[in-house]
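This one's a predicted model, so the numbers in the text were calculated from it and none came from an experiment. Throughout, a chain's letter reflects where its sequence line sits, starting with A, and its residues are numbered from 1.
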Protein chains: 2
Amino acid sequence: MTMRSDGDRRYTVKDVAARAGVSPATVSRVLGGTYPVAASTRTRVMRAVRELDYVANAQARALKGATSKTIAFVVNDVTGPFFAHVAQGVEKQATEEGRLCLVCTTHDDTARELAVIDLMREQSADAVILVGGGIETDEYRDRMVHLAHSLDKAGSRLVLCGRPSLGDDVPATVVEYDNEGGAYSMTSHLLSQGHRKIAYLGAHTSLTTTTARINGFTRAHTDMGLEVDSELIIEGRFLHSFGLTATRRLLAERPDVTAIFAATDMVAAGVLQALRQSDVRCPEDISVVGYDDVPFASDLYPALTTVHIPTDELGRTAVRLAIHRDEYAHNQHVVLGTHIVVRDSVAPPTIRRVRTPDGT
Amino acid sequence: MTMRSDGDRRYTVKDVAARAGVSPATVSRVLGGTYPVAASTRTRVMRAVRELDYVANAQARALKGATSKTIAFVVNDVTGPFFAHVAQGVEKQATEEGRLCLVCTTHDDTARELAVIDLMREQSADAVILVGGGIETDEYRDRMVHLAHSLDKAGSRLVLCGRPSLGDDVPATVVEYDNEGGAYSMTSHLLSQGHRKIAYLGAHTSLTTTTARINGFTRAHTDMGLEVDSELIIEGRFLHSFGLTATRRLLAERPDVTAIFAATDMVAAGVLQALRQSDVRCPEDISVVGYDDVPFASDLYPALTTVHIPTDELGRTAVRLAIHRDEYAHNQHVVLGTHIVVRDSVAPPTIRRVRTPDGT
DNA sequence: GTGAAAGCGCTAACAC
DNA sequence: GTGTTAGCGCTTTCAC
């Protein structure tokens, strides 16, 4: 009926023990490593292991006390370069720590996020890492606090990666990047080039990421004695298509805008495409900047000025802090730095569509 | 010493049973679902579960007969868009099938690939999916065959995703895409536009992916009675940086080349950047095409003509065939179609740097 | 419809 | 040094 070779079941310690002429316990000791075993016995056991091509049953091993040696990793969408790079950091560090990585996606579905976390709880993973901005409602926050405690009780550590802390009394590790600082620097960069009407494309009310970035955006204006035109903070999802449509509308309705701050590089890609389609030059007519510094940012045309996030470090740190939380006991909230990387998509403002020889 | 609340251990079926005033077996039956239980008992049990915030121990459950309900996924690098999208397909389908995803990376390290697969074997995953081109040596092939059998005995199914079959007698599922066909179509497209000197950038001897693509490339030439200039098949890794340097060299050494077929879109991005830096226009002076159709392909400038791979379907199919291999018993080798998507990076050839009014 | 008991594969006390 | 035994948390016969 079935295609696989049933009948010969998977070998167990018993099989190995029988073949090597020792007891199962001895086999376990040899394989475990940290126990004195006679060299001759070890040799015989190892030979039996090799001959039978034996591997231990991870479930059985995990059942017996210890942890399952896994790290769970929850993202919205593995496909986004930001997530993928954090994932890479997580995976690399997990491997170095001798852990396996469990991955789950939520696709903007809060219910699914909860379901997924329960699954992770069942797995008794060493850490459950939540990546990306969380939602900013009290209800959501309460659920997270509850989850942190549930996981803690199950022996897992909740790690918030790229989203703010839930409070000091909550058993969770937080690894953030300086979201606001990045937005501040970038906005200052634009402002100091002379831009005064900057549109922020891709605000997402109730997303923690947005809140921080808008704060930085606003503070940069305030610090220069400028005011933010709130109509220029445009809501939208972090999608290429949003950058496209929002830019078209902006072009039509707000000829005074000289720079666009896209919430993510993905959105910026859409913006650039819309500009090209409308024959608006970047950066001569309009400057464009992004956020994330994904690898293809430098392949866009023009190469995109953007905010670099230390994605790899974010992932590695998350794993490191969670696993060694005894050593890092007083360092369970870390903020990694961000910085802008200047490429070719920003220039001083000009009056759009009226090309003056110099950029004044 | 430790930060987590030790002492109160994780609840078990026993705790739930005690609280609900039933036996552990009954709790298991309620939670399992598929067994007749009195409505009143069920209610009491469910209440206890909720009150204790109980979740089952996945390891213990897996130990008892069944599978671990996980799918293992081995890629070279999660960061590449191609892998990420296949991963997404795998993850989505796995979720639909009630499975969790285990992810591992190999980073071009064959030894690590083997180690990783042993880890997966320990986990008794339902399927172990290997994504991306394999290496073409007999030794490697033999090891794969051996692994297929080992996994089969452990109750796991080996799935080769995007690489050729190991032979009909090997217990493995193969989900390929028409690698050669894509290369053939694309090359024909270029040829029919009038290009005669096409460089293939990013050949990788001993990689199965390359072999298939070069075959398609060559066959397209042959079918039109043309011959391939073997010097134009240039070795290199699938990296942006390779596209960059190889193009610079090509520009300097081979002014007769009118089109570049990049092995991947990533390489194509490097090619386009090099062209821009050298003030060579695309597609007017040189046409460029890629392979993969990653999302940012349409954001390159000019938008890239490339070969579309059904990544999502690849991942989903891999999972589906592996899990339901009894139903799909005679369909364990599937080849999904590829097709070219024409955008703006190809035009008929001109004599480079000498701009003629029409493209002859 | 429910309980008691056995056992999955492994490791950690505890003997010898 | 090595064997024996118990038990991790769960499911699943087998009784009742």
Contact letters for nucleotides 6-16 of chain C, in which S counts primed atoms plus P, OP1 and OP2 and B counts the base, heavy atoms under 4.0 Å: -BBBBBBB---
Between [X] and [Y], is there a side-chain N and carboxylate O pair less than 4.0 Å apart?
X	Y	answer
A/D312	A/K92	yes
B/D15	B/R9	yes
A/D138	A/R143	no

Looking just at side-chain N and O atoms, do [X] and [Y] make a donor-acceptor pair shorter than 3.5 Å?
X	Y	answer
A/Q332	A/T173	yes
A/E136	A/T208	no
A/Y140	A/E113	yes
A/S23	A/T26	yes
A/Q88	B/T105	no

Verdict with supporting geometry, A/E96 and A/R316, salt bridge (charged side-chain N to carboxylate O under 4.0 Å, His left out): CA-CA 10 Å; A/E96 284 177 24; A/R316 296 190 93 108; 2.5 Å; yes
Contact interval (first through last nucleotide) of DNA chain D with protein chain A, 4.0 Å heavy-atom: D/dG1 to D/dG9
Degree of bending, the helix from C/dG1-D/dC16 to C/dC16-D/dG1 (end axes from five pairs; round to 10°): 40°
Stepwise salt bridge (charged side-chain N to carboxylate O under 4.0 Å, His left out) check, B/E91 with A/R112: CA-CA 13 Å; B/E91 205 274 341; A/R112 188 157 157 56; 3.6 Å; yes
